[in-house]
Amino acid sequence: LLSMGHLAGYDFTKTWLKKKRLAREGPVLHVGASIAAAFYAVTLSCPADRVMTEFQSAPNRGVQYAGVLDCAGTIARAEGPMGFLRGWWPLFLRIGPTFASFGAVYEVARKLMGMDYF
């Protein structure tokens, strides 16, 4: 989910910005698409990260789940849909900077090696 959100988010945002003529090929487009990709990656992966964190830490808190789906159901009943996004900011602060810089660095590296932009 993390990689899918990152790569698909980068490609979608870059293509959309170019199609709408909001940005031309270059560093501004690459950095903007990279930041959007970091947002997409974290948003897509956060629910799974939240469920697994809750499930794996349950024994330490004296909580017993019948399985991962039981854990997800408990989160949904207790906190609603937004409960799956709990921890979004810490996850974004942890991986956001890396993902936000990846696209721009990748595009520069391709250009330095004589390849066209992605």
Q | Contact check, side chains of Phe102 and Tyr10, non-hydrogen atoms, under 4.5 Å | A | no

Q: May I have all residue pairs that pass salt bridge (charged side-chain N to carboxylate O under 4.0 Å, His left out) and include part of residues 88-106, sequence neighbours excluded?
A: none

Q: Could you pull out all residues at least two apart from Ala8 that satisfy side-chain contact (heavy atoms from CB on, under 4.5 Å)?
A: none

Q: Output all residues satisfying side chain to side chain donor-acceptor pair (under 3.5 Å) with Arg24, sequence neighbours left out; order by chain, then residue number.
A: none

Q: Compare every heavy atom of Cys46 with every heavy atom of Gly87, then report the nearest pair and how far apart it is.
A: C-SG, 4.1 Å

Q: Write down the atom of Gly9, the atom of Ala37, and the distance for their closest heavy-atom approach.
A: C-CB, 4.0 Å

Q) For atom CG of Leu69, is the number of surrounding heavy atoms from other residues, nucleotides or ligands below 6.0 Å larger than 12? A) no

Q: For Ala23 and Leu29, work out which heavy atoms get closest and say how close.
A: CB-CD1, 3.9 Å

**Q.** Whichever hydrophobic residues join Ile35 through chains of side-chain contacts under 4.5 Å
**A.** Val31

Q) Is Met115 isolated, or which residues cluster with it under the ILVMFWY side-chain rule of less than 4.5 Å, directly or via members? A) Met113

Q | Separation of Thr74 OG1 from Arg77 CZ (nearest 0.5 Å) | A | 4.5 Å

Q.
Rounded at 0.5 Å granularity, tell me how far CG in Leu7 sits from OH in Tyr106.
A. 9.0 Å

**Q.** Residues forming a side-chain contact (heavy atoms from CB on, under 4.5 Å) with Ser45, sequence neighbours excluded
**A.** Leu1, Leu2, Leu91

Q) Between Ala100 and Ser34, what is the shortest heavy-atom contact and its length? A) O-CB, 2.8 Å

Q. Is there any salt bridge (charged side-chain N to carboxylate O under 4.0 Å, His left out) pair reaching into residues 54-66, and which pairs are they, with sequence neighbours excluded?
A. Arg50-Glu54, Glu54-Arg61

Q. Which other residues belong to the hydrophobic cluster containing Val51, where Ile, Leu, Val, Met, Phe, Trp and Tyr are joined when side-chain heavy atoms lie under 4.5 Å apart, directly or via other members?
A. Met52, Phe55, Val63, Tyr65, Val68, Ile75, Phe84

(Q) Among residues at least two apart in sequence or on other chains, which ones pass side-chain contact (heavy atoms from CB on, under 4.5 Å) with Phe92? (A) Ala38, Val42, Trp88, Trp89

Q | Residues forming a side chain to side chain donor-acceptor pair (under 3.5 Å) with His30, sequence neighbours excluded | A | Glu25

**Q.** Thr15 to Asp11 - nearest heavy-atom pair and separation
**A.** OG1-O, 2.8 Å

**Q.** Minimum heavy-atom distance Ala33-Thr13, with the two atoms named
**A.** CA-CG2, 3.8 Å

Q) Can you name the side-chain contact (heavy atoms from CB on, under 4.5 Å) partners of Met82, sequence neighbours left out? A) Leu85

Q: Just jot down the salt bridge (Lys or Arg N to Asp or Glu O under 4.0 Å) partners of Arg86, sequence neighbours excluded, or say none.
A: Glu79

